[in-house]
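Written out below as structure tokens is the structure these notes cover.
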Number of protein chains: 2
Amino acid sequence: MPSSVQNKRIRKSPAARRAEIVAAAAAVALTEGLECITLRRIAEELGVRPGLISHYFPAVEDLVAEAFGDAAGSELDALLPADRGDATPIQHLARFFARTSGEAYDDISRLWLNARHLSRYRPTLRDRVAVQEAAWRNRFEALVRDGVELGEFRTADPLLAAIQILVVLDGLGMLVNSVDTGDDPPAVRHMPVTTAERELGLPPGTLTTAAPSN
Amino acid sequence: MPSSVQNKRIRKSPAARRAEIVAAAAAVALTEGLECITLRRIAEELGVRPGLISHYFPAVEDLVAEAFGDAAGSELDALLPADRGDATPIQHLARFFARTSGEAYDDISRLWLNARHLSRYRPTLRDRVAVQEAAWRNRFEALVRDGVELGEFRTADPLLAAIQILVVLDGLGMLVNSVDTGDDPPAVRHMPVTTAERELGLPPGTLTTAAPSN
DNA sequence: TTGCTCATTGGTCGCACACTCAATAGCATC
DNA sequence: GATGCTATTGAGTGTGCGACCAATGAGCAA
């Protein structure tokens, strides 16, 4: 009787195998943390030998950076689609905050917290964090700019407004591993929304009541 | 000729040795990070054998938590002295922001970032972080409360205002390990001050121009 | 001076990690 | 069906970690 683990070799194209490895590493990064991305851990995840991971990523640090970039990039696309359909900027922003306020976003908060700390020791990851940070800020800025042009938002500096909102979001994200998660008063949990409404010249409540259709 | 390392035993009282160990660990935590607190590293720092550290801290995790508590507690005392002399709350707050805005505060930002991430895996540290977080919030709240009673500040909820300011400070602290540290626009770097002036009903500029005497 | 206590040492164990490389075998191609 | 390329394995190296413990000796008390 064959055991559940693969003892037969499965040979894949380098591109496919590499993508598979990055995907597995990204999943581990999201659920367990970037420091859990080890040769053994990822190899076990895919049913291959650790040496194979080394073959595709001679330095583990590169895989860690790649995994972070993959996870953060995917989340950004889900959060702020590059191609916004016909929904208004206000609706998109409301959707953004609905998602970032939910418990499902905790994994993303943990990932950013994780990556920002680990950047201290890993230059490759640090660079990748900078890339993703710029991507998030620019995507957010584009949304704000559209809103301004449509007359929905009012701000002199869309990028500055975007950064300020994201900084507040990061500040809350710092608390994600605390023992008393969720114990903070509602006013604290709503800080990102409050900040957005203030910086974008929106009446209070605009971003929490306007539920988008999609 | 005696080498520079101690080969002669020096026997100290448990209390003194323990304090020495915690101090060394706190120093390492501030300069290199909490994950650099290892038996070997701290022992070398003190010129003793690793076994001795184990003797005082059978589980390294306890030393890590203790080191964080020591470092964060000391910094809080320096930042917001429990016993404020005759300086006004505004002066103390201005001093607080002057210090937290300086580059010297980066190590503290790194420490909090480090601790908040590591809390994910280390329950003992998580508890200690919660204790320090409460201490920082309460100390800040006390300052705000005093300011309100003296008519300098205006807020309905001193603790809420304190938390909001600290959250923004944390948000900026997240960026401490970024490649482009300091590249952000002034308006971003001044977010904590701006937040404080807004939440405490102060005219803009109050906290950056009022230089305290001490 | 003697004896005792316990702070301190020195050595060891097991584990997990990244990284290396010659040998092997899947699979496309002819 | 044979051949060649290379993806994949298996086995190994060296490092650093926490934890453990019997032996030692510093310094105090009698």
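Lettering follows sequence order; numbering is per chain, from 1.
- Atom CG of Asp86(A) sits in a sparse spot, with 12 or fewer heavy atoms from other residues, nucleotides or ligands closer than 6.0 Å.
- The phosphate of dT8(C) (OP1 or OP2) has no side-chain N or O of His55(B) nearer than 4.0 angstrom.
- The OH-P distance, from Tyr56(B) to dC6(C), rounds to 12 Å in whole Å.
- Computed from coordinates, the Ile10(A) CD1 to dT8(D) P distance equals 10 Å when rounded to whole Å.
- The side chain of Arg49(A) has dT9(D) as its nearest neighbour among dG27(D), dT9(D), dC19(C).
- Sorted by residue number, the list of members of residues 18-25 of chain A with any non-hydrogen atom under 4.0 Å from DNA chain D is empty.
- Contact annotation for Pro50(A): no contact, since no heavy-atom pair falls under 4.0 Å across all strands.
- In the interface, the side chain of Arg9(A) is paired with the base of dT8(D) through a donor and an acceptor atom under 3.5 Å apart.
- Between Trp112(A) and Tyr105(A), the ring center distance fails the sub-6.0 Å criterion.
- The nucleotide whose nearest atom lies closest to any side-chain atom of Thr38(B) is, among dC17(D), dG27(D), dA7(D), dC17(D).
- A sub-4.0 Å separation between OP1 or OP2 of dC19(C) and a side-chain N or O of Ser54(A) is absent.
- Between the CZ atom of Arg41(B) and the P atom of dG18(D) there is a distance of 12 Å, given to the nearest Å.
- By the 4.0 Å N-to-carboxylate-O rule, Glu45(B) lies close enough to Arg41(B) to be salt-bridged with it.
- Atom-to-atom, CD1 of Ile53(B) to C1' of dC20(D) comes out at 16 Å; the value is rounded to the nearest Å.
- As rounded to whole Å, 14 Å separates atom C1' of dG27(D) from atom CZ of Arg17(B).
- We find that CZ of Arg40(B) is positioned 10 Å from C1' of dA19(D), with the value rounded to whole Å.
- By the 4.0 Å N-to-carboxylate-O rule, Arg128(B) lies too far from Asp62(B) to be salt-bridged with it.
- Among the nucleotides dA26(D), dT8(C), dC19(C), the one closest to any side-chain atom of Lys12(B) is dT8(C).
- The pair Glu133(B)-Arg137(B) counts as a salt bridge, with a side-chain nitrogen and a carboxylate oxygen less than 4.0 angstrom apart.
- Protein atom CG of Leu52(B) is 12 Å distant from nucleotide atom P of dG10(C), rounded to whole Å.
- Between Ile37(B) atom CD1 and dG18(D) atom C1' there is a gap of 14 Å when expressed in whole angstrom units.
- Mapping Ser13(B) and Ala59(A) onto DNA chain C by nearest heavy atom places Ser13(B) at the nucleotide closer to the 5' end.
- Across the interface with DNA chain D, nearest-nucleotide mapping of Val48(A) and Leu39(B) shows Val48(A) to be the residue nearer the 5′ end.
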Exercise for review: Under the salt bridge (charged side-chain N to carboxylate O under 4.0 Å, His left out) rule, what do Glu44(B) and Arg40(B) come out as? Steps first, then yes or no, please.
Suggested key: CA-CA 6 Å; Glu44(B) 187 192 25; Arg40(B) 289 163 176 78; over 6 Å; no

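- Sparse packing is recorded around CZ of Arg49(A), with 12 or fewer heavy atoms of other residues, nucleotides or ligands lying under 6.0 Å away.
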